[in-house]
Structure formats: C-alpha cells, structure tokens
Number of protein chains: 6
Amino acid sequence: MELSRIVDRLDEELGTADYADLDASANGLQVGPDEGEIERVAVAVDGVRETFERAIEADADLLVVHHGLSWGGFDRVTGRTYDRIAPLIENDLALYVSHLPLDGHQELGNAAGVADLLDLEDRSPFGELGPEYVGQRGRTADPYAADEVRERLEATLDTGGQPIQHLDFGPERIEDVAIVTGSGTDWLDDAVAADADALVTGEGKGKAYHEAQEAGIHVFLAGHYATETFGVRSLQELVGEWGLETTFLDVPTGL
Amino acid sequence: MELSRIVDRLDEELGTADYADLDASANGLQVGPDEGEIERVAVAVDGVRETFERAIEADADLLVVHHGLSWGGFDRVTGRTYDRIAPLIENDLALYVSHLPLDGHQELGNAAGVADLLDLEDRSPFGELGPEYVGQRGRTADPYAADEVRERLEATLDTGGQPIQHLDFGPERIEDVAIVTGSGTDWLDDAVAADADALVTGEGKGKAYHEAQEAGIHVFLAGHYATETFGVRSLQELVGEWGLETTFLDVPTGL
Amino acid sequence: MELSRIVDRLDEELGTADYADLDASANGLQVGPDEGEIERVAVAVDGVRETFERAIEADADLLVVHHGLSWGGFDRVTGRTYDRIAPLIENDLALYVSHLPLDGHQELGNAAGVADLLDLEDRSPFGELGPEYVGQRGRTADPYAADEVRERLEATLDTGGQPIQHLDFGPERIEDVAIVTGSGTDWLDDAVAADADALVTGEGKGKAYHEAQEAGIHVFLAGHYATETFGVRSLQELVGEWGLETTFLDVPTGL
Amino acid sequence: MELSRIVDRLDEELGTADYADLDASANGLQVGPDEGEIERVAVAVDGVRETFERAIEADADLLVVHHGLSWGGFDRVTGRTYDRIAPLIENDLALYVSHLPLDGHQELGNAAGVADLLDLEDRSPFGELGPEYVGQRGRTADPYAADEVRERLEATLDTGGQPIQHLDFGPERIEDVAIVTGSGTDWLDDAVAADADALVTGEGKGKAYHEAQEAGIHVFLAGHYATETFGVRSLQELVGEWGLETTFLDVPTGL
Amino acid sequence: MELSRIVDRLDEELGTADYADLDASANGLQVGPDEGEIERVAVAVDGVRETFERAIEADADLLVVHHGLSWGGFDRVTGRTYDRIAPLIENDLALYVSHLPLDGHQELGNAAGVADLLDLEDRSPFGELGPEYVGQRGRTADPYAADEVRERLEATLDTGGQPIQHLDFGPERIEDVAIVTGSGTDWLDDAVAADADALVTGEGKGKAYHEAQEAGIHVFLAGHYATETFGVRSLQELVGEWGLETTFLDVPTGL
Amino acid sequence: MELSRIVDRLDEELGTADYADLDASANGLQVGPDEGEIERVAVAVDGVRETFERAIEADADLLVVHHGLSWGGFDRVTGRTYDRIAPLIENDLALYVSHLPLDGHQELGNAAGVADLLDLEDRSPFGELGPEYVGQRGRTADPYAADEVRERLEATLDTGGQPIQHLDFGPERIEDVAIVTGSGTDWLDDAVAADADALVTGEGKGKAYHEAQEAGIHVFLAGHYATETFGVRSLQELVGEWGLETTFLDVPTGL
C-alpha cells in the first residue's frame with residue numbers, strides 16, 4: 001500500500017489534526033519520503049534506536065510509535081538526533097507517530113485498553129486538554145476491592161519487573177475509575193471532581209502522594225510503558241485488517 | 001528568635017534571590033506574618049496537610065520545607081489551597097520554603113547529601129539552570145561496581161519500600177558520578193557530556209531508559225522523596241546551631 | 001444556606017465565567033472552604049482589613065465585595081496579604097468577589113444603579129470590553145441642564161465630602177448619558193462615538209480633561225467609591241430574598 | 001538655534017535614552033522636521049489642542065511638554081490624532097516631549113520641584129522603575145504637623161480650585177517625605193518600606209485609601225496637573241539660559 | 001462626496017475589517033480629518049513623497065494607494081515620516097490605503113488583474129493567510145508554452161526596463177497558474193500542493209530558485225510594482241463610477 | 001582531520017555562539033554524526049539538493065554553506081526536508097552552516113569581500129544587529145563616479161546574467177560606501193545616518209526605491225547570490241590552509 005495512503009487513513013482515524021495545537025509531539029508522518037510502497041508495518045511504544053534496529057531486522061518499511069523523535073522540533077540533525085534518524089533513512093524505514101491522539105482515542109486508545117482490562121462499562125471521555133480528551137472513565141458492574149484492581153493490573157501489564165504502586169487513600173470498594181495512561185497525575189483533581197474512586201495512570205510525580213491523600217482517592221501507578229502498549233497494538237490490528245503484515249516490538253522499560 | 005531574622009539568615013545562606021527567575025516555587029517565607037517570635041522549628045520535605053498537622057502537634061512555630069504551596073502563584077484561597085493554608089494561619093505556624101536553592105547548595109543541599117553518602121571527592125557544581133546549579137558531581141577514591149552503588153543507596157535511603165531502579169547501561173566500574181535529586185533526568189545529556197559514568201536522581205521520565213541506553217551511562221532512580229531529605233535536615237542542623245529547638249517530620253511517600 | 005449553593009447562584013446570576021479572561025480580578029469565591037453553612041451575609045465595596053473587621057463584628061459568615069484581594073494572583077501569603085487573609089480564616093468568614101461582572105450587569109450592576117438615579121430610559125449596554133460590557137447608557141425623558149446632573153449626583157451619592165468634578169465641555173442640555181462607574185474615562189471616545197452628551201464615571205485620569213474638551217462632551221467624575229455602591233447593595237437585596245440576614249458595610253473613601 | 005541642537009542638548013540633559021524601554025511615551029522630538037531654526041520656545045504640561053493653539057498664538061517654533069501625543073505609537077493620523085498633529089505641521093511648530101525622564105530628574109524634575117516647595121533636605125532618588133527612578137525623597141529640618149504639609153501644598157500649587165485630598169493615616173509629625181508626582185500611588189509600598197511618613201503625589205486610585213490606612217502612612221493627593229508644572233518650568237529656565245525666548249502656557253485642569 | 005462616505009464604501013467593498021489582524025499595514029483611511037469634501041481622487045501603487053507631490057500637483061483631495069505609510073504604526077512624526085505626512089496635511093490631501101485586502105479581492109485585486117492578463121478561467125482564491133486569501137489561481141483554455149507566459153507578461157507589464165526572471169523548472173506546457181503579486185514566493189509550496197504548473201509573482205527571495213527547482217514548477221518574477229498596478233486601477237474605475245474625477249499616478253520602480 | 005575539530009575551529013573563528021540569539025539559522029554543524037574523519041571539503045552558497053549532489057559527486061565529506069536547511073528548526077523530516085537530508089546521511093556528507101556570522105566577519109565575510117572588490121579603505125563594522133554587525137563600510141582613496149561602481153560590480157560578480165540595478169539617487173561622486181550583502185535594504189536608514197554615499201547590497205524590497213530617492217543615496221542591487229560567494233570562498237581558503245582538499249561549487253541563481 002502507498003505510504004501516503006496509510007498516513008492519510010491513520011490521520012483521519014486518529015484525528016491527528018485536532019491535536020495539532022495541544023501536543024508538543026509532531027504527530028503523523030515524522031520521518032519519511034513523500035512516496036514509498038509499504039508491505040510490512042512494525043509497531044512499538046517508543047521510537048528509539050533499539051526499536052528502529054529491531055524494525056530494520058524485521059524488514060519493516062514503516063514503524064508506528066506512540067513516542068516519536070520530535071517534541072517541539074529540532075534545530076539540527078546531530079548527536080542523538082542524528083544517531084536515530086540516520087538508520088531510518090539508510091534503511092528506508094518511515095516513522096509514523098501518534099501521541100495524544102492515540103492516548104485519547106475512545107476505542108483504539110491507551111486508556112480504552114486499560115478500561116477493557118478492568119471490564120469498565122458506561123464509558124465516557126476523561127482527561128480534558130483544551131477541547132480534546134486524553135483519557136477515559138467508566139464504571140464496574142461489581143465493585144472491586146482496592147487490592148483486586150492492583151492484582152488485575154499486575155496480572156496483565158508488562159511492568160518490567162517493577163511493582164505497581166498503590167496510593168491507598170480511597171474508599172474500600174472501587175466502582176468509578178478514571179484513566180489517563182503515561183503521566184496522568186495532573187488530572188487527579190479532575191478525577192476527584194468527577195467523583196471517581198480511583199485514578200489509574202502510569203507514572204506519578206512526587207506530589208501525587210499527598211494530593212491523593214488529601215482528596216481521598218486511590219491512585220494506581222502501573223508504569224508509563226506498561227499502560228501505553230494498548231494503543232499501538234490497536235493500530236497494529238487496524239493496519240493488519242488493511243492487508244499489511246505487522247509485528248509488535250516489545251521493549252519494556254520498567255519505567 | 002524573631003521570624004524576620006531567621007528568614008533573612010536563611011535567605012542569605014541559601015541565596016534565595018539568585019533563584020528568583022529560575023524557580024516556579026516562591027522561595028523564602030511563603031506563609032506568615034511580618035512579625036513573630038519563633039522557638040520551635042520543624043523541617044519536612046513536603047509542605048502538605050499531613051506535615052502541617054504534625055508540625056502543629058509538635059508545637060512548632062515555623063516549618064521549613066523543600067516543596068511549598070506556591071508554584072506560579074494562586075488566584076484564590078479555596079479548595080485544597082484553603083485546606084492547607086487555613087491550619088497554618090489558625091495555628092500561627094509560618095512556612096518557609098527552599099526548593100532549587102536547597103537542591104543546589106554545595107554544602108547543605110540535597111545533591112551534596114547524596115554525594116556524602118557515596119563518599120565522593122573532587123566535587124563541583126553540576127546541573128546548570130541558567131546561571132545557577134541544582135546538583136553536584138564528584139569522583140570516588142576507589143571505583144564502585146555498579147551494584148555497589150545501588151546497594152549503598154538502598155542501605156541508607158528511605159524509599160518507602162520501593163526498589164531503586166537501575167538503568168544498567170554504563171561501564172563496569174563507576175568513578176565519576178553526577179547527581180541531581182528529585183526529577184533530574186533532564187540533565188542526563190549533561191552528565192554524558194561531563195563524562196560521568198552514572199547519574200543518580202530521584203524519579204525518571206519514561207524516555208530516560210532509552211536515552212541512558214543510547215548514551216551508555218548508568219542511571220539510578222532512588223526516589224524523589226528519598227533523595228531530598230538531606231537538604232531540610234541540613235537546615236534543621238543549621239537552625240539548631242542558632243539555638244532553636246528542632247524536629248524532622250519524616251513522611252516517606254515511596255515516590 | 002450552603003456556601004457552595006450561594007456561590008453557584010451568584011456565579012450564575014452574574015455570569016462570572018463570561019468575564020474570566022477579561023478581568024484581572026479572580027471573581028467568584030476568593031477565600032473560603034469547600035463547605036460551610038451561611039446565615040449572615042455582609043456586603044461592601046472594598047474587600048480590605050477594615051471591612052473584614054466590621055463583617056466579623058457583625059458576625060457575618062460571608063462577605064460579598066466588588067474589589068477583592070486577588071488581582072492577577074499572589075505568590076505568597078505574607079505582609080499585607082497575610083494581614084487581610086488571616087482574619088478571614090481565623091473567623092470563618094468567606095469572601096465572594098464580583099468586579100467587572102457586577103459593573104456590567106444590566107439590572108443589578110453599578111452603572112444600572114447610576115442610571116436609576118438619573119431616571120434614564122431606553123437603556124442599553126455600554127462600555128465594550130471584548131465580548132462583554134461594563135457599563136450602561138440611556139436617555140432622559142426631559143433633557144437636563146448640565147448643572148442638574150451634577151446636583152442630582154451630589155444629592156444622592158456619598159462622596160466622602162469631596163466635590164463632584166464636572167468637565168463642562170458638552171452641550172447646554174443633556175439627553176443621552178453613558179455610564180461606566182469606577183475608572184471609566186477609557187470609554188470617553190466610545191461615548192462620543194455613541195453620540196452621548198455626557199459620560200458619568202467615578203475617577204478620571206488627567207488626560208480626560210482635554211479629551212472631553214476636544215470632543216465636546218460633559219464628563220462627571222463622581223467618585224470611585226460613590227459610584228460603586230449600587231452593585232453590592234443589589235446583591236444584598238438579592239441574597240436577602242433568598243432568606244439570609246444581610247448588612248451593608250459603608251466605608252466611603254472620598255476617592 | 002538649530003532644532004536638532006536643542007533636541008540633542010535636551011536629550012542629553014534629561015537622559016532620554018535611559019528611559020526608552022521604561023516609558024510608553026515616545027520621549028524626545030515627537031513631531032517635527034529634521035531641520036529648523038528655533039527662536040521662541042513655549043512649555044506646557046499637556047501637549048493638546050489647547051496648548052498647541054496657544055503656542056501658535058504666541059508665535060513659538062517649539063513646544064516642550066510633559067505629556068505628548070504618542071503613548072505606544074499610533075497606526076493612523078486620523079480623528080483626534082489628526083486634529084492635534086495638523087496644527088503643529090501647518091504652523092511649523094515642533095513638539096518635544098519628556099515624560100518619565102522629567103519626572104525623575106533629580107534637579108529639574110517634577111518631584112524635585114515639590115521637594116523644593118517642602119524645603120526637604122538629604123534628598124535621594126525614590127520611585128524605582130527598572131534601573132531608573134521617577135521621584136525623590138527627603139527630610140525636613142523641623143518636622144511638619146500633617147496639616148502644615150497640606151497647607152503648604154495648597155498655598156503654592158494651582159489645583160484648579162479642587163481641594164487637596166489628605167489620607168490622614170500617618171504619624172502626628174512628618175519628617176520623611178517620599179514624592180512621585182502624577183499617578184504615584186503604585187509606590188505607596190515602597191514609601192512604607194523606606195520608612196517615609198508621607199507620600200506626596202498627584203492623583204490616587206481608589207485602593208490607595210485602604211493601603212494607606214493599613215500601612216499607617218499619610219498620602220497627599222495634590223492634583224496630577226498641579227504637581228507636574230515644575231519640570232517644564234525648569235526646562236523653560238534652562239532653554240532661556242541658552243538665549244531663547246520662552247513662555248509658559250498654564251492650562252490647569254483640576255485633575 | 002463626503003470623505004467618510006467614500007471611506008465607508010471602500011472599506012465595505014474591500015472587506016478591510018477582515019484583514020485587520022493579518023496585515024501589518026493599517027488599512028483604510030490612514031491620514032486625514034474626520035470630515036472633508038472629495039472631488040478628485042488619485043490612485044498610485046506606493047504612498048511616498050513622489051506620489052504625494054504628483055497628487056498635489058493634480059489637485060487631488062484623496063489619494064488611494066496599495067502601500068501606505070504605516071506598517072505596524074509609528075512612534076513619532078519625524079524624519080522621513082514627517083517629510084511624507086507634512087505635505088498631505090499642508091495640502092488637505094487624505095490618504096486611503098488597501099494592502100492585503102486589495103491583493104486578495106477576487107474581482108478588483110492585483111492577482112485577479114494578472115489572471116485577466118493571462119486569460120485564466122475556473123478561478124478560485126489562492127494564497128491562504130489565516131482565514132483569508134491574498135491571491136488567485138486559474139486554468140488556461142489552451143496550455144501555454146513556458147515562453148509564452150513570459151512574453152505575455154513582458155508585453156503588458158511596466159517593469160521599468162527590468163527583465164522578467166523565469167525560473168524554468170516546470171513542465172513544457174502550462175495549464176494551471178497560481179498568482180500572488182508582490183512578494184509571493186512564500187506560497188510556492190502551496191502552489192505545488194495545488195498542482196499548479198507555474199507561480200506568477202513579483203519579486204523572489206534567493207531561496208526560491210532551489211525550491212522551484214526541487215519542486216519542478218515554473219516561477220515568473222515579474223516585478224513587485226509591475227504586478228501590483230491592477231488593484232489601484234480597479235479602484236480608480238470604481239470611484240469613477242461614483243462620479244468622482246480620477247487619475248492614475250504611474251511611478252514604476254523597476255523593483 | 002576529525003570532524004569535531006574542524007567544527008570547533010570554524011565556530012571559534014566565526015564567533016558562532018555570539019550570533020545564537022540573533023540568527024534564525026542554526027549555525028555550526030547542522031547535519032552530521034558526532035564522529036567522522038574529513039578529507040575533502042566542499043563549499044557553496046546554498047545548502048540545497050543541487051549542491052548536495054555535486055558535493056557527493058566530488059566525494060566531499062563535509063559541505064560548508066552560507067544558507068543551510070534549518071531556519072527556526074523543523075518538526076518533521078518529510079517532504080523537501082527529507083529529500084535534502086536523506087542524501088547527506090546516505091552519503092556520509094556532513095553539513096556546516098554559517099549565515100550571519102559569515103556575513104559579519106570583518107576579514108572573511110561577504111561584506112568584506114565586496115569591500116575588497118571596491119578597494120575600500122578605513123573599514124569599520126556596519127549593519128548593527130543587536131550587539132553584532134552583519135556588514136562593513138569603508139572609503140575609497142579616489143571617489144568613484146556612480147557608473148564606475150556598477151561597472152566594477154558587474155565586471156567581477158557572477159549575477160547569472162541579470163543586470164545590476166542601480167537606484168541612482170545619490171551624489172555624483174561616491175566616496176563612502178556601506179555594504180550589507182544579501183537582503184540589506186533594512187539598513188538603508190543606517191547608511192544614510194552614517195553619511196554613506198551608497199549602499200551596496202544583494203536584493204531589495206520594493207520600498208527601497210522611494211526610500212533611496214527620499215534620502216538621496218545610491219543603492220546598488222547586485223544579486224543575493226552574487227554578493228555572497230565571498231564568505232564561503234574565504235572559508236575554503238582557510239580550511240585549505242589546514243591541509244584539507246577543497247572545492248567551490250558554483251550554482252549562480254540570478255537572484
């Protein structure tokens with residue numbers, strides 16, 4: 001399939017343009033020529049040298065990632081930027097990036113994946129960022145005990161051997177859960193305002209401990225990487241349906 | 001001792017004014033009247049409701065913290081801000097804050113405390129932020145094996161039961177160590193440029209994993225709280241020398 | 001009545017949210033806890049130590065003012081800010097502020113009150129500020145002589161003993177009057193463009209003299225305080241209708 | 001004398017360039033050709049149509065004012081701007097402006113003139129604005145009673161018939177006086193910090209009343225125009241010494 | 001006809017207000033009184049001393065130009081600004097300016113005039129600038145050879161003796177032509193994206209050569225002045241229809 | 001020679017760091033790895049696909065240019081940016097850029113080269129840009145007739161067949177000449193203020209015609225490319241002295 005056609009279809013599906021002014025990440029095609037035929041697509045959470053090398057080994061023509069190379073642009077192609085871009089160009093490997101659009105997608109996104117894992121119902125967008133959302137919330141049919149949530153997350157997520165941190169300041173039983181994957185503790189107040197019993201996210205700034213305590217809400221820190229594999233795996237499935245060969249490159253960081 | 005006199009002495013010792021344009025934190029006296037007699041001083045890492053309540057129980061007149069209430073100012077004294085400020089005012093407890101000035105102080109600071117713990121020599125300022133520094137670097141007399149560094153940190157720091165994460169991408173033996181406590185992975189490139197073998201910090205953003213790997217450097221993530229008790233404990237000692245009663249309020253967060 | 005319910009009703013009546021980006025004042029609840037039962041409401045033009053003390057003496061639970069404490073936010077609760085906030089907190093007195101929303105309200109507002117005093121008819125919003133208004137204009141049934149306007153204002157307003165200044169550069173008879181209370185001379189050109197014969201405001205910058213002279217319009221400077229008691233008195237009446245005890249704290253400044 | 005030579009000498013004497021980034025007023029030559037011979041110089045506080053017409057009647061070639069036409073520049077020469085600039089150009093009348101440089105000049109300036117009137121000694125710059133000053137402070141040999149200060153000001157200043165307002169919140173006897181002419185109440189806190197007993201200025205924002213009360217300082221509001229005739233009269237004397245005919249155009253506004 | 005009536009009709013026809021935030025030029029009446037009777041209107045591309053003098057010789061009351069005096073406003077009326085504004089005021093000559101609104105007008109505008117010259121059909125707006133356009137595109141009924149386009153332009157435009165530069169990097173035959181007069185090479189990528197075979201503009205920055213070469217598109221640089229006489233001539237015709245005497249002042253610059 | 005050593009020596013010679021905040025161009029190494037051995041250096045005015053291809057044909061390891069790829073940074077490596085960067089990376093060709101530092105260098109720079117061509121003496125920096133300069137001025141031993149200057153420039157510069165435009169508004173004989181190569185007409189007023197008889201530059205905005213006419217100064221527009229070959233040829237000579245093979249890639253654009 002033509003590269004430009006894949007890019008257009010992904011941009012449309014993910015609403016890339018809607019996030020243009022909200023996201024430091026340059027979403028969409030980030031490295032690649034105007035034309036090119038794509039046969040094999042790799043997906044990964046992080047667009048870094050290790051995933052680039054593994055995509056090249058896997059003979060991929062296109063790599064789709066959640067975290068790309070360009071955060072606010074670059075002035076030069078030198079140092080680490082050179083070391084990352086060079087193998088892409090030398091091996092005709094295009095790089096497509098979807099950061100916040102993929103976090104916030106209500107079916108394919110990272111938060112939606114965590115919500116699936118927790119069997120949440122009555123879902124709605126959560127995690128306002130300007131006019132868009134970067135997360136999701138929902139309710140459980142039967143309330144969880146706080147420990148059950150942690151156990152479920154631990155059983156399924158690849159946390160690279162790290163424990164899931166539980167700030168255990170909420171009610172005994174958890175019914176309403178708000179989710180913002182990655183670094184989501186900035187939405188802790190929104191979760192409280194929305195009467196959520198728990199916020200599930202990836203990593204937390206130090207101040208989250210006391211904010212959770214003072215607000216009386218559970219916070220589960222389940223790993224930045226671990227909570228963000230869902231989106232790219234959804235995209236893998238999607239482009240697979242378009243008839244392309246696909247592969248997922250798993251590089252858990254424990255962070 | 002007069003409150004204003006303590007404030008002036010701390011401001012001078014810490015160079016508060018030099019960090020005014022660099023730090024979102026409003027350093028110096030953050031809550032308190034112009035006049036007041038201080039007899040008992042409590043110190044804590046975080047200025048939050050729990051430490052305020054414990055300082056009040058301890059009958060302190062002044063609480064000195066690393067993380068205060070005002071990050072870019074507030075428009076209103078409502079909600080969580082009210083709940084934090086009200087007990088201070090109702091109990092005549094003044095709040096003194098020193099964030100980056102305390103991180104960067106080359107004798108009393110947080111990084112200096114970690115450097116002591118690792119027996120580093122030939123120390124110099126590290127972690128440029130505009131014209132100031134927020135960390136420290138040094139050399140060991142005898143090189144450490146990578147595991148030894150982690151073991152030393154674990155033996156001494158109160159990580160709230162969390163493991164210390166080690167991104168094990170540096171050389172076998174560690175001689176040069178750069179330290180920025182709290183959230184210090186933004187200085188990873190500076191550490192590499194300074195030929196450090198390891199960066200010790202508190203917490204790490206997800207991208208630090210690959211940056212460390214690509215740069216070939218060790219990174220130790222020893223906890224935001226755990227790496228930042230040194231500074232306030234130094235200040236405790238300092239004001240103790242001025243003849244005031246003091247107490248350290250330990251509230252480890254595991255973050 | 002629950003504090004939060006009063007706040008919500010006032011915010012809705014006054015359109016607080018519409019002025020959020022236009023006003024340096026943080027309108028709405030400015031100091032106070034999330035919960036609290038309100039029995040007695042005081043109103044005043046200025047939120048300062050004197051009115052706080054008098055509200056406390058009057059045993060009020062809530063003080064509603066036109067000029068609050070927070071103009072662009074504060075970094076610290078020290079000095080004059082401490083001296084003002086402390087009595088509020090120590091005496092469980094909440095502070096609600098309405099600055100431009102109250103100036104511009106077409107029934108309850110300050111300009112509307114001056115228009116009542118002058119028996120103006122055919123009223124419409126005046127004093128554009130972005131998409132909102134901060135004043136009002138109208139016509140008299142029978143034209144005033146210029147002196148009559150000044151006399152009417154002097155007879156009714158509490159100017160603290162100061163004379164009303166009259167820049168006597170308009171036509172002999174006054175039919176169309178534009179009003180912006182407080183500091184309204186920035187709208188002098190708008191008044192001229194709207195074919196007003198006179199602009200009534202509180203205080204004037206020096207340049208207003210020549211602008212009025214060159215434009216051929218009357219300007220009446222009737223005092224900042226004196227022209228801005230109407231709004232809070234309207235709110236006093238409003239919350240009185242909700243069944244709350246109320247009191248007006250009059251502290252004329254002569255400015 | 002050549003216009004450009006007068007402009008250069010005034011700019012040098014007043015330090016026009018030092019205030020370039022501090023003052024909204026475009027100081028220096030504001031309207032005029034590159035070349036022109038000047039014989040007669042008029043001075044006035046305000047650069048407006050009335051003073052322009054009177055300068056033209058007086059056959060002046062140059063008008064020196066404190067308040068000019070350009071505050072932040074203009075996009076068009078239409079409306080009031082046209083009506084003011086046209087007579088200048090049609091009558092070959094150049095306009096020289098000195099706003100903050102003239103306020104702050106320690107010998108020729110407006111504050112210095114008020115200090116002369118009050119027989120202040122031990123004078124020093126007051127009223128910081130970035131690296132410059134816009135006022136002056138000094139001490140009396142013998143303390144004044146508060147009323148004496150008001151009486152002295154009233155006896156000498158041309159207030160256009162308006163009373164001088166006295167915010168009577170300071171000590172019984174006045175020794176230290178801070179002066180910022182025009183609109184100087186923004187420096188009230190600086191006056192308090194400098195242990196002044198009184199601040200003398202021209203006009204005051206409404207909030208000055210309570211700030212003065214809470215700080216315990218006298219404030220005298222002696223009129224914007226009335227406190228700002230000193231500077232241009234000093235310049236009149238100065239250019240008179242250069243051999244030019246001069247005249248002062250007095251247009252008191254009562255503001 | 002009343003000046004203000006002409007100004008209102010031109011502003012409405014040209015949509016002056018729509019370009020207010022897009023254009024550094026202060027469009028509309030730029031120099032002139034509020035009232036005045038207009039009998040004779042001159043038009044010119046540039047509003048400069050030479051055209052002002054020729055308009056005065058021609059006894060015009062109003063001069064309509066494409067390039068005015070005010071680009072971002074001016075702080076002073078001195079030097080070159082004085083030398084240009086003075087003759088306007090001294091001779092009661094008003095100045096009306098229309099920059100981008102006249103470039104982008106789809107019937108009267110500069111690009112529309114070039115499109116007429118090239119007999120383009122199927123025209124549509126081109127040259128996005130925010131929500132507006134500053135150019136036009138269209139198709140030829142019969143394709144041109146590249147040389148024919150240059151010859152046509154040279155035959156009609158007054159280039160002041162300068163050759164038209166042709167960056168000859170497009171296809172052999174030209175059907176689709178995009179036009180932005182003046183300095184239009186910033187829209188070269190837009191022209192390529194719109195599948196144009198050629199971009200016709202006035203002057204080009206140096207980098208346009210390689211951008212055209214790499215994109216494979218013809219660029220014709222036909223002179224800033226030469227491509228921008230159409231708009232003011234259309235306005236000449238328009239105000240002529242309103243019953244006013246008109247004249248076009250041709251001052252080709254060769255630039 | 002090591003690439004990093006060449007880069008350091010060029011940066012030091014050209015004062016790259018001094019222009020960091022003044023220049024939109026990212027000066028210094030713009031594309032290239034941290035390490036690499038350089039044997040052959042090509043120089044060119046423009047860093048574009050044509051010069052990249054010719055440098056690759058010439059087997060160069062490093063290309064030094066005046067106009068690079070990065071003007072304010074890029075968000076993506078796609079489209080034209082991809083097409084330019086890809087051949088650099090695929091062929092191990094590093095790109096070093098020096099824009100304003102090379103314009104302003106008083107011995108090696110572009111303006112200095114034009115001054116040599118005109119045998120100017122008593123040279124000094126010209127063309128202020130913040131604290132730096134981007135041009136040069138000087139005097140001739142014997143005055144030129146205006147035509148002689150044009151003839152000299154035409155005889156030596158490679159203008160790609162385009163005529164040199166002469167705005168012939170200065171005095172009969174030319175002694176003082178100010179030079180800013182490329183687009184230098186923004187310094188026309190500075191040239192007049194410096195009593196220059198002529199400004200030599202590359203290309204001119206349309207308004208330069210009338211500004212020159214009104215100011216009474218000669219302007220010579222000798223081509224952007226044509227006036228900017230001097231700097232890179234000086235660098236060619238310089239790196240040749242360091243023992244490297246060099247070549248100049250001449251691609252005149254006529255612009």
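Every chain is numbered from 1, with letters handed out A, B, ... down the list of sequences. We use all heavy atoms of the structure for the numbers below, so side chains are in, but hydrogens, waters and symmetry mates are not.
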Using only the distance criterion (under 3.5 Å, no hydrogens considered), which donor-acceptor pairs connect chain D with chain E?
{"from": "D:N27", "atom 1": "O", "to": "E:R76", "atom 2": "NH1", "distance (Å)": "2.9"}
{"from": "D:N27", "atom 1": "O", "to": "E:R76", "atom 2": "NH2", "distance (Å)": "2.7"}
{"from": "D:L29", "atom 1": "O", "to": "E:R76", "atom 2": "NH1", "distance (Å)": "2.8"}
{"from": "D:Q30", "atom 1": "O", "to": "E:V77", "atom 2": "N", "distance (Å)": "2.8"}
{"from": "D:G32", "atom 1": "N", "to": "E:V77", "atom 2": "O", "distance (Å)": "2.9"}
{"from": "D:S70", "atom 1": "OG", "to": "E:D75", "atom 2": "O", "distance (Å)": "2.6"}
{"from": "D:F74", "atom 1": "N", "to": "E:F74", "atom 2": "O", "distance (Å)": "3.0"}
{"from": "D:F74", "atom 1": "O", "to": "E:F74", "atom 2": "N", "distance (Å)": "3.0"}
{"from": "D:D75", "atom 1": "O", "to": "E:S70", "atom 2": "OG", "distance (Å)": "2.7"}
{"from": "D:R76", "atom 1": "NH1", "to": "E:N27", "atom 2": "O", "distance (Å)": "2.9"}
{"from": "D:R76", "atom 1": "NH1", "to": "E:L29", "atom 2": "O", "distance (Å)": "2.7"}
{"from": "D:R76", "atom 1": "NH2", "to": "E:N27", "atom 2": "O", "distance (Å)": "2.6"}
{"from": "D:V77", "atom 1": "N", "to": "E:Q30", "atom 2": "O", "distance (Å)": "2.8"}
{"from": "D:V77", "atom 1": "O", "to": "E:G32", "atom 2": "N", "distance (Å)": "2.9"}

Report the residues that fulfil side-chain contact (heavy atoms from CB on, under 4.5 Å) with D:A60, sequence neighbours left out, ordered by chain and then residue number. D:A42, D:A55, D:L93
I'd like to know which of E:V97, E:I85, E:V77 tops the heavy-atom pair count under 4.5 Å against chain D. E:V77
Just give me the residue among D:G68, D:A94, D:G72, D:G79 that pairs up with chain E most often, heavy atom to heavy atom, under 4.5 Å. D:G79
